[in-house]
Amino acid sequence: MLSYLHAFHAGNFADVHKHAALTLAVRMMQVKSSAIACFDTHAGSASYDLAGERALKTGEAAAGIQKIWPLRAELHSDDWQAILGGLAARDGRDGQLADYPGSPRWFLRYLREQDTLTAFELHPAEGETLGQWAARHSRVKVFQEDGLKGLLRHLPPRQPRLLVLTDPSYEIKSDYQEVAHTLARAWQKCRHGVYLIWYPILAGFPHKRLKDAVSEGAVRKVLCSEVVLNRAPQRGMSGSGLLVVNPPWGFDTRLAEMMDAVSGDRYLGLSSKSTWLVPE
């Protein structure tokens, strides 16, 4: 099933949560000079047109990054400025962003000479667009295939450190168990890697299957960060969640502070919490 296109959802509150965590993890890992092998298992397109038909049809960016952008001068922390600086070149008319970077672009922004990015995308059209973008960047490789299987094939990496982002659409219910299974196998291959697993919070809480599988498994040191909208929509996501395996020291506090800074109704209108799903 390949009907999902992220262009309808790009820049929404869940993207803000996910990419805040991703950029924070990259920057914190780069305090050390040793090379990082980065993997994006469900990369989508490199960027998304926020003025395009797909984005405007749902209007999700308007309640996400577009609410934050006009208030960016109020977000003084270095962690927020790292994100906002990455968006500055995308400033459009009327104080709104013209487009929004997909996760491969967020990775690329921080890649050093010694770092690499391997991106997977199974959707034919999305994969083609991603491949065309990656062709201009020598440290980025794209594979049009199942990212969960592709990740396992590439582990352990030749670089001494590892950062993985996994964020499927979960349009297939079995994805929750498959993600948990892949994480367990990847962790066995590379136990020191940092793994970011995103999931939607939906009616009926299907993500509980993912959290239960991880908490009952062998993987250790798993942080759980969740944000929930104060006014949940009648359909779609009411919240966004992230499991972070082996987060850098202090990551939990800094991510929580980032989300608290944009939690008010002038911003994203949400509440956030951070707990350890699995301790060390």
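None of these values were measured; they are calculated from a predicted model.
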K.L.:
Indicate the atoms forming the closest heavy-atom contact of Val245 with Arg220, along with that distance.
P.N.:
CG1-O, 3.8 Å
K.L.:
Considering only NZ, NE, NH1 and NH2 on the basic side and carboxylate oxygens on the acidic side, decide whether Asp15 and Lys18 come within less than 4.0 Å.
P.N.:
yes
K.L.:
In chain order, what residues pass the side chain to side chain contact (heavy atoms under 4.5 Å, CB included) check against Thr129, with sequence neighbours excluded?
P.N.:
Ser45
K.L.:
Are Arg72 and Leu87 packed together at the side-chain level, in the sense that at least one heavy-atom pair is separated by less than 4.5 angstrom?
P.N.:
no
K.L.:
Flag the pair Ser271 / Asn230 as yes when at least one side-chain heavy-atom distance between them is below 4.5 Å, and no otherwise.
P.N.:
yes
K.L.:
Return the CG to CG distance between Asp49 and Leu97, rounded to the nearest 0.5 Å.
P.N.:
11.5 Å
K.L.:
Show the nearest heavy-atom pair for residues Val16 and Gly64, with the distance to one decimal.
P.N.:
CG2-C, 4.4 Å
K.L.:
Is the closest side-chain heavy-atom distance between Leu277 and Lys211 below 4.5 Å?
P.N.:
yes
K.L.:
Spell out, yes or no, whether Tyr48 and Leu108 are grouped together once hydrophobic residues are joined by side-chain heavy atoms under 4.5 Å, including indirect joins.
P.N.:
no
K.L.:
Short question: side chain of Arg191, backbone of Val219 - any donor-acceptor pair under 3.5 Å?
P.N.:
no
K.L.:
Give me the one residue out of Leu22, Thr118, Leu117 that meets side chain to side chain contact (heavy atoms under 4.5 Å, CB included) with Asp40.
P.N.:
Leu117
K.L.:
Between atom CD of Gln96 and atom CD of Gln66, what is the distance when rounded to the nearest 0.5 Å?
P.N.:
4.0 Å
K.L.:
Using the rule that Ile, Leu, Val, Met, Phe, Trp and Tyr join whenever any side-chain heavy atoms are under 4.5 Å apart, tell me whether Leu111 and Leu151 fall into a single cluster.
P.N.:
yes
K.L.:
Between Ala20 and Met258, which heavy-atom pair has the shortest distance, and what is it?
P.N.:
CB-CE, 3.8 Å
K.L.:
Does NZ in Lys189 sit with more than 12 non-hydrogen atoms of other residues, nucleotides or ligands closer than 6.0 Å?
P.N.:
yes
K.L.:
Spell out, as yes or no, whether a donor-acceptor pair under 3.5 Å connects the side chain of Gln114 to the backbone of Ser33.
P.N.:
yes
K.L.:
Calculate, to the nearest 0.5 Å, the distance between atoms CG and CD1 belonging to Leu229 and Ile201 respectively.
P.N.:
9.0 Å
K.L.:
Do the side chains of Leu75 and Tyr267 get nearer than 4.5 Å, heavy atoms only?
P.N.:
yes
K.L.:
Side-chain contact test, heavy atoms from C-beta onward, threshold under 4.5 Å: evaluate it for Thr116 versus Arg158 and give yes or no.
P.N.:
yes
K.L.:
Hey, could you give me the OG/CZ distance between Ser263 and Phe13, rounded to the nearest 0.5 Å?
P.N.:
13.5 Å
K.L.:
Short question: side chain of Arg231, backbone of Gly269 - any donor-acceptor pair under 3.5 Å?
P.N.:
no
K.L.:
Using the side chain to side chain contact (heavy atoms under 4.5 Å, CB included) rule, take Trp106 and Val26 through it: C-alpha gap first, then chi angles, then the decisive distance, then the call.
P.N.:
CA-CA 9 Å; Trp106 287 112; Val26 173; over 6 Å; no
K.L.:
Test Lys149 against Phe120 for side chain to side chain contact (heavy atoms under 4.5 Å, CB included), laying out the working first.
P.N.:
CA-CA 10 Å; Lys149 295 178 181 177; Phe120 301 93; over 6 Å; no
K.L.:
Please tell me if the side chains of Leu242 and His17 come closer than 4.5 Å, counting only heavy atoms from C-beta onward.
P.N.:
yes
K.L.:
For residues Met28 and Gly250, report the shortest heavy-atom separation together with the two atoms involved.
P.N.:
CE-C, 4.0 Å
K.L.:
Pick from Lys208, Arg209, Met237, His207: which one makes a side chain to side chain contact (heavy atoms under 4.5 Å, CB included) with Tyr199?
P.N.:
His207
K.L.:
More than 12 non-hydrogen atoms from neighbouring residues, nucleotides or ligands closer than 6.0 Å to CZ on Arg153, yes or no?
P.N.:
yes
K.L.:
How close do Leu50 and Ala10 get, counting heavy atoms only, and between which atoms?
P.N.:
CD2-O, 3.7 Å
K.L.:
CG of Asp175 to CG of Leu148: how many Å apart, nearest 0.5 Å?
P.N.:
7.5 Å
K.L.:
Rounded to the nearest 0.5 Å, what's the gap from CD1 on Ile36 to CZ on Phe39? Could you check?
P.N.:
12.5 Å
K.L.:
Test ring-ring contact (aromatic ring centres under 6.0 Å, His included) on His137 and Phe107; report intermediate values, then the result.
P.N.:
CA-CA 12 Å; His137 306 288; Phe107 272 114; over 10 Å; no
K.L.:
Work out which heavy atom in Val140 is nearest to a heavy atom in Ala134; give both atom names and the distance.
P.N.:
CG1-CB, 3.7 Å
K.L.:
Less than 4.5 Å apart, any side-chain heavy atom of Ser215 and any of Val222?
P.N.:
no
K.L.:
Counting C-beta onward and ignoring hydrogens, is there a side-chain heavy-atom pair between Tyr170 and Pro200 closer than 4.5 Å?
P.N.:
yes
